[in-house]
Amino acid sequence: MSELNKIVLKIISNGKGILAADESNGTMKKRLDAVNVSSNPENRLLFREILFSSKCIGECIGGIILYDETINQTTSFGKSIPDLIASSGAIPGIKVDTGAKDLANSPEEKITEGLDGLRERLKKYYDLGARFTKWRGVYSISEKYPSKLAIHSNAHSLARYAALVQESGMVPIVEPEVLMNGNHSSDVCFSKTSEVLEKCFEELILHKIDLSGIILKPNMILAGDQSKYKISKEEVSHKTLECLKGSVPSEVPGIAFLSGGQSEIEATENLNLINNINNTKFIMTYSYGRALQQSALKMWSKNINDKEVTQNIFNHRAKMCSMAAKGKWSYELESK
Ligand code: 13P
């Protein structure tokens, strides 16, 4: 077993998943504005420090993805953020892309940037304690899109990123996110996601990536949020599995879904159903941002110094996701 594969398994085995707490300062401002808390480095640290010192870290959460500001911060009790995470038995990770920019010659689409100087930044993050990384490519669905240009260029960047990350001794999370915004059907989501994933793996293989040392972070197969063709949760799970079985090489050890705008319960229930019928050898787990933090953030905003109530909500949510990653979640557990 390679060192990278060992890191992967430590993060996502036994019902553990990933907390995506890597919101950029811009995104975090939007989240904090929505609950009337001012977005400054102190408040961002306070919320994250409360989450990262919760009981579920290490038990249900095997890895936490950080943003550059956070990985460099020190907690109110003097530990660095990466040390706090590692001391609970979880692995610190870091978002290394620098964001999605307009794609030249197809400006309604995005290309993710951040390759320049990446090798040097990775060294710095490794020294700070990171052992895995994230890079997100983003694709929207409409009649014309995603274009071949967006699919090819993002796949190429994801592969160059993954190669540099593995060279630096860390595990790359490869995140090609096909957005749920739009009025498309789930069948269109299925075919576009398949095309995006197939191109990504073609490039990853060309760039000689050790596929046993990556985590794939895809979207589930859903109908667009404006679509009139709704599908059942059972169909979501069947179609998601079918898509991944058809597009992801079997060497990949694990798949950690993004929540992508699903509610906390929806993201939990869909993951549970996927695990109920998982007929692949992939570990299927979560790498949720909003679907792990939404209720905790709301509660915290009522009294930002009440650590305990925020942690209770967060521990519960993480426990529910962890049960779903084992296929053992039920509605009854939500109210216990
Ligand atoms: P959501 O689960 O809120 O979609 O965030 C996951 C993520 O990391 C997106 O890049």
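Ligands are counted one by one from 1 in listed order, and the atoms in each one are counted from 1 as well. Heavy-atom basis, side chains included; hydrogens, waters and symmetry copies ignored. As the structure is a computational prediction, the values presented were derived from the model and not from experiment.
Between K134 and ligand 1 there is a heavy-atom distance shorter than 4.0 Å. Not a single heavy atom of A291 sits closer than 4.0 Å to an atom of ligand 1.
The aromatic rings of F47 and W300 sit tilted, their planes meeting at an angle between 30° and 60°.
In terms of the ring pair (Phe, Tyr, Trp, His ring centres under 6.0 Å) criterion, F190 has no residue partners (sequence neighbours excluded).
Of the residues listed (E23, K298, R48), the one engaging Q293 in a side-chain hydrogen bond (donor to acceptor under 3.5 Å, both in side chains) is E23, and it is the only one.
Within ligand 1, counting atoms from 1 as listed, the ones closer than 4.0 Å to a heavy atom of S259 are 1 (P), 2 (O), 3 (O), 4 (O). Ligand 1 places these atoms under 4.0 Å from at least one heavy atom of Y288: 2 (O). Those atoms of ligand 1 with a heavy atom of K217 less than 4.0 angstrom away are 6 (C), 7 (C), 8 (O). Those atoms of ligand 1 with a heavy atom of G260 less than 4.0 angstrom away are 1 (P), 2 (O), 4 (O). Taking every non-hydrogen atom of E175 and a distance limit under 4.0 Å, the qualifying atoms of ligand 1 come out as 7 (C), 9 (C), 10 (O). Near A20, meaning under 4.0 Å from one of its heavy atoms, ligand 1 places the atoms 8 (O).
Counting heavy atoms closer than 4.0 Å to ligand 1, residue R136 contributes side-chain atoms (C-beta onward) but none from N, CA, C or O.
Among protein heavy atoms, atom 5 (O) of ligand 1 sits closest to G289 N, 3.6 Å.
Salt-bridge check for E203 with R160: failed, with every basic side-chain N at 4.0 Å or more from each acidic carboxylate O. In this structure, E109 does not pair ionically with K101, as no charged nitrogen and carboxylate oxygen lie closer than 4.0 Å. Ion pairing of E3 with K6 is present here, as a side-chain N (NZ or NE/NH1/NH2) and a carboxylate O approach within less than 4.0 Å.
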- Report the C-alpha distance between Q262 and L222 in whole Å, list the side-chain angles of each, state the deciding distance to 0.1 Å, and finish with yes or no for side-chain contact (heavy atoms from CB on, under 4.5 Å). CA-CA 10 Å; Q262 297 180 72; L222 304 166; 4.1 Å; yes
